[in-house]
Amino acid sequence: MEMLAPNIYEELQGPGQFINILVDESWNIPLRRPMSIAGANRDQLTIIYKVLGRGTKRLVTKLRGDFLNILGPIGNIFNQDKFNNHHPILIGGGIGIAPILWLHNVMKGGSFQHELIIGAKSKSDHFLKHQPSRKIYLTTDDGTLGIKGTVMRVLQQVVNQLYEPMIVACGPAEMLKVIQTFLIDINIPGQMALESYMACGLGICQGCVVELTHSHQEKHSFGEKFSLICRDGPVYDISRVRF
Amino acid sequence: MEMLAPNIYEELQGPGQFINILVDESWNIPLRRPMSIAGANRDQLTIIYKVLGRGTKRLVTKLRGDFLNILGPIGNIFNQDKFNNHHPILIGGGIGIAPILWLHNVMKGGSFQHELIIGAKSKSDHFLKHQPSRKIYLTTDDGTLGIKGTVMRVLQQVVNQLYEPMIVACGPAEMLKVIQTFLIDINIPGQMALESYMACGLGICQGCVVELTHSHQEKHSFGEKFSLICRDGPVYDISRVRF
Amino acid sequence: MANLKVSIGGVEFNNPVFVASGTFGYGNDVSELVDVNQLGAIITKSITFHPREGNPPPRIIETPSGMLNSIGLANIGVDQFIKEMIPYYASLETKVIVNIAGSSMEEYLNVLEKVEKVGENIYGYEINVSCPNVEKGGMEFGVNSLMTRNLTELLRKRTEKLLIVKLSPNVTDITDIAKGAKEGGADAISAINTVIGMSIDISSRKSNLATKFGGLSGPAIKPIGIANVHKLSSAIQIPVIGIGGITSAEDVVEYLLAGATAVQIGTANFRDPGIGVKIIAEVDAYCDSNGYYDMSELTGALVNDS
Amino acid sequence: MANLKVSIGGVEFNNPVFVASGTFGYGNDVSELVDVNQLGAIITKSITFHPREGNPPPRIIETPSGMLNSIGLANIGVDQFIKEMIPYYASLETKVIVNIAGSSMEEYLNVLEKVEKVGENIYGYEINVSCPNVEKGGMEFGVNSLMTRNLTELLRKRTEKLLIVKLSPNVTDITDIAKGAKEGGADAISAINTVIGMSIDISSRKSNLATKFGGLSGPAIKPIGIANVHKLSSAIQIPVIGIGGITSAEDVVEYLLAGATAVQIGTANFRDPGIGVKIIAEVDAYCDSNGYYDMSELTGALVNDS
Ligand SMILES: Cc1cc2nc3c(=O)[nH]c(=O)nc-3n(C[C@H](O)[C@H](O)[C@H](O)COP(=O)(O)OP(=O)(O)OC[C@H]3O[C@@H](n4cnc5c(N)ncnc54)[C@H](O)[C@@H]3O)c2cc1C
Ligand SMILES: Cc1cc2nc3c(=O)[nH]c(=O)nc-3n(C[C@H](O)[C@H](O)[C@H](O)COP(=O)(O)OP(=O)(O)OC[C@H]3O[C@@H](n4cnc5c(N)ncnc54)[C@H](O)[C@@H]3O)c2cc1C
Ligand SMILES: Cc1cc2nc3c(=O)[nH]c(=O)nc-3n(C[C@H](O)[C@H](O)[C@H](O)COP(=O)(O)O)c2cc1C
Ligand SMILES: Cc1cc2nc3c(=O)[nH]c(=O)nc-3n(C[C@H](O)[C@H](O)[C@H](O)COP(=O)(O)O)c2cc1C
Ligand code: FES
Ligand code: FES
């Protein structure tokens, strides 16, 4: 879905950031729905979303030309400075591909070397081409496209062939958890963008927390153990998150 | 608004009856909205409604071809047998014109003599022509069409010129109340169709009652003092209602 | 086909989906529209000893995801009920539970004894304790544990049929009241009755209900119902019948997981009196596609991992 | 232009539209988006003596026309609050009220005394009594009239500023608790806090909140808020601040008619943090087009004709 949002575009910092969408003007759907920005072009933002429940079902009913009440840009960004002496491996799974795709496109534009791994259940969930020669690897659980299995299969392969790899991931909690365990084991650094239920996206409800491994107070979070994904996230160092 | 409703059409008894419309499939609008039938032609029902609040605002968003969840036909009908030795004066005001128009059309079809008085705030609320020669009198509060004033102005005039008049009225409670007081004073009989908030329209919520002057248990009402408008009404003898 | 049967106090119901008191009349009004025999049970509109006119209109108003009502227990009284409804109920296959209300212990007892004498196809009583108790100066039975216990005990002595006490959520500690009911000999608890609410028409500056206060029902109160059912089922050992805001098979499953043995559908009947029957089929389908074979696998099967 | 000013316990507020505790952070998070100086008052997130991490996630879930939360009073603690927020508040024109929570009488007192020493632009305290009282074995202060009275009395002795007691609706008789607060010396009552609720994810069979139970808020509870405010304003003579499900100027007017002197906007801030400021303008316009010149013409102006 594409939308014209000049004000947000102006303040945009980069991949990782998201917008918070009021999908229904009535209280039929009380809370906004957060969606990562999947791309930005002039005044236009792109989001990619999967229809899961009421909110996203409502979102698909929006027509070209409709107004949408959105708040953003929200959150921090993938830290690209850290890529300097590293070879980034971008991993996106399920509804977490949006920020990864944006990052991929940004890096492609800047001709930065990187690998891209996108996982999904089945062929129909994909919209890229499986091109291992161009370092784009698609996986499907059912083997209908690309490599059969999860993103882990590809990751395990490519990670050994690269010098100083660094992982950038976004996707379902289960996927991130497996990646985290794997990376900590082999001592490879990484960043990941998290998701959670959100009421405000502004730091005022304290609803969107994640537990951190090292106690340390973030800028916007009230405590040291829990961090606000909407303001101090969604991007965290992979080792810092306790699932 | 017109709708195809063959099942309802089959069971239809006549003017006075209404349908109960689920204007929103979600609970954003919890209760159905009752609307009098304004006409029936083959399998097609007509309703005429005024946009007042959330329910009717939702109703106007329905498009040709949409499905509408309706229950009906509900309620009793104007008792036309009683017209036998009488000269009916039909009075409709505000959102109460629908059943009156249907009755008017039915009687016109059967070439029954009658007067029709329709009152509204202003010209734009009317869609008939003011034709005193054809016994159709329109009134407006602001004098922009027909006779300036309320339906009472016309009623007071015509009632004296007729032999054994009988009133059939539907409209806002205040209008019906004034008509009732007037008729009781001069001892003229009448019927009127009432409105009220309704949850079910089926007799199961007991929400839609009106107080009666003479205690007497109706078929569907639980008590003697209060009568269920949805099942024992909406049409009542004018002298029986306590406003 | 899962086994939808549930058993409460020794009585077996074909399925756990009942219709709530006051939201289905006596069942007869809609029997042309709905195959009421498919329902797990019909709970009647509250019956009092004398007929009751109920409160003056307006009696209902819509609210966000719900409604307020102040019907005021309008009902035909126990004598007319027995005369007109008992023969109708005898023709039904669905089990009928008579909801009883009263403003004194004696009134509850008198209604129960009359029904007890004649009641064919009446499988039990649901005691609505949310009525002002005239003996105790208008205090509701349902806000006091001891009063609830005494009332239940009195009724228990006169009937072997199912005795269900229906509780109000408008109390500090619902489990305390439930314990009173249990000690008095109740077979089951049903909860919740409506939540006290009010709404005002700002243009007329009047309450939207003639009685000012009314009872809130519908999806808006579902989280309140779930919380109360979960509290109750954790605190007492008798079955709990869940009520409040149910509109779908998912809602039924949610109540069962919270600890309910059966549920009642209320306000949703006003939008669609056939919703109960539809939901039964959907619960069945849900069980099939999720591998549940018996309702007992759902009741209280909440996963506690914190 | 109507006169929107309202006075509570001698303090004058520019308008009756405040933001509710826990739904606006400390005000600073959204000050770039919203002109917070237009608000009648900012009620801070509850402050406790020590910083509190709050409950584990998930902490929020949507419900019909509302939401459940179990934030668990996450806050930065009184010391950091004083260090970081007091300077910010000194720069505001809007009056600030500090909401205090605690699990013992002493904790409330210690927080109040610390703020009392430094509090510039702090016009008073809102006492959140819906916290479990560790001294009394976890029983909430807010469910007991005497405990509420004692707590209020203790705090009253230490401050001349506005003392508001915020009440929970999860009690049998809210007016009883309010009387305790009034006797203890409260200047005003605010009501309601959230309603206890729960919801379950039927596919994982877990509660949607890590803590199982949470607090229900939003339009779903508006009728409950209106009912409680009307009960309170009829029963006690001190001002009532209405809270619960407010999303529009009409809702504000409804609360005022029910008896509130001012109101607080909660959950609606999460959809639009600027809603309070918008509503103020709309209340003004509403008064103009309906011939009200002063808020006092609205407060309690319910027409009783039954
Ligand atoms: C920072 C952030 C960025 C996001 N970016 C995207 C994106 O780019 N594209 C996209 O499709 N989605 C994204 N999401 C998730 C998206 O917000 C949810 O999918 C959406 O809110 C679901 O709404 P719903 O009403 O359709 O589903 P609901 O009715 O709320 O839920 C339906 C089902 O989806 C699950 N679900 C709900 N919310 C989430 C969630 N946040 N994560 C995982 N499962 C969930 C529920 O558990 C439930 O089983 C993002 C979330 C966050 C916090
Ligand atoms: C038997 C019956 C037949 C009816 N026939 C028609 C008809 O043919 N055409 C038509 O336009 N309307 C008819 N009505 C009224 C119609 O049901 C209401 O106008 C409608 O429900 C208003 O819904 P809403 O959501 O738009 O307004 P709401 O948001 O519910 O209310 C908006 C405003 O309208 C007023 N209002 C609401 N319901 C009524 C009512 N029943 N009577 C008068 N004022 C009301 C409210 O007090 C409020 O001020 C009938 C009602 C009944 C009971
Ligand atoms: C219009 C109406 C009338 C009711 N009448 C009764 C009654 O007579 N006796 C009773 O015990 N409960 C009565 N109730 C309460 C319901 O049985 C039920 O407990 C409550 O509505 C909550 O369920 P719901 O949210 O599904 O409606 C009534 C509810 C409504 C809405
Ligand atoms: C996420 C959230 C956090 C809250 N935190 C607090 C709090 O810290 N202290 C408090 O007194 N009330 C707290 N409340 C209650 C609100 O202040 C308010 O009383 C309640 O939400 C009802 O108003 P509403 O329906 O407008 O949200 C909180 C409410 C929500 C939704
Ligand atoms: S979503 Fe409200 S604080 Fe993060
Ligand atoms: S509308 Fe329910 S009984 Fe008439």
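Residue numbers begin at 1 in each chain, while the letters A, B, ... track the order of the sequences.
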Chain A heavy atoms under 4.5 Å from N69(D): which part of the residue, side chain, backbone, both or neither? neither
K62(A) atom NZ, over 12 foreign heavy atoms within 6.0 Å: yes
Residue T23(D) versus chain A: region with a heavy atom under 4.5 Å: backbone
Looking only at G27(D), P273(D), P57(D), P64(D), the option with the highest number of non-hydrogen pairs under 4.5 Å against chain A is P57(D)
Looking at OG of S196(A) and CD1 of I60(D), how far apart are the two atoms once the value is rounded to the nearest 0.5 Å? 6.5 Å
Whatever's closer than 4.5 Å to a heavy atom in chain D on L202(A) counts as both
Looking at CG of D29(D) and CG of L228(A), how far apart are the two atoms once the value is rounded to the nearest 0.5 Å? 8.0 Å
Would you check if the distance from the ring center of F222(A) to the ring center of Y26(D) is below 6.0 Å? yes
When P51(D), G218(D), G66(D), G72(D) are compared by non-hydrogen pairs under 4.5 Å with chain A, the top option: G66(D)
Quick one: CG on L31(A) to CZ on F270(D), what's the gap to the nearest 0.5 Å? 9.0 Å
Once rounded to the nearest 0.5 Å, what's the spacing between atom CD1 of I61(D) and atom OH of Y197(A)? 4.0 Å
Can you say whether A220(D) sits under 4.5 Å from chain A via the side chain, the backbone, both, or neither, judging by heavy atoms? neither
Highest number of heavy-atom pairs under 4.5 Å with chain A among R59(D), Q80(D), K45(D) belongs to R59(D)
Got a salt bridge between E62(D) and R33(A), using NZ or NE/NH1/NH2 to carboxylate O under 4.0 Å? yes
Just how far is it from atom CZ of R271(D) to atom CG of N69(A), taken to the nearest 0.5 Å? 8.5 Å
Looking only at heavy atoms, which two atoms of P56(D) and F226(A) are closest? And how far apart? CA-CZ, 3.5 Å
Is it the side chain or the backbone of S70(D) that comes within 4.5 Å of chain A heavy atoms, both, or neither? neither
Given heavy-atom pairs under 4.5 angstrom as the criterion, report whether the side chain, backbone, both or neither of N55(D) touches chain A. backbone
Do N75(D) and Q206(A) pass the side chain to side chain contact (heavy atoms under 4.5 Å, CB included) test, and can you show the C-alpha distance, the side-chain angles, and the key distance before you say yes or no? CA-CA 9 Å; N75(D) 79 91; Q206(A) 296 284 317; over 6 Å; no
Interatomic spacing from CH2 in W27(A) to CE in M67(D) - rounded to 0.5 Å: 9.0 Å
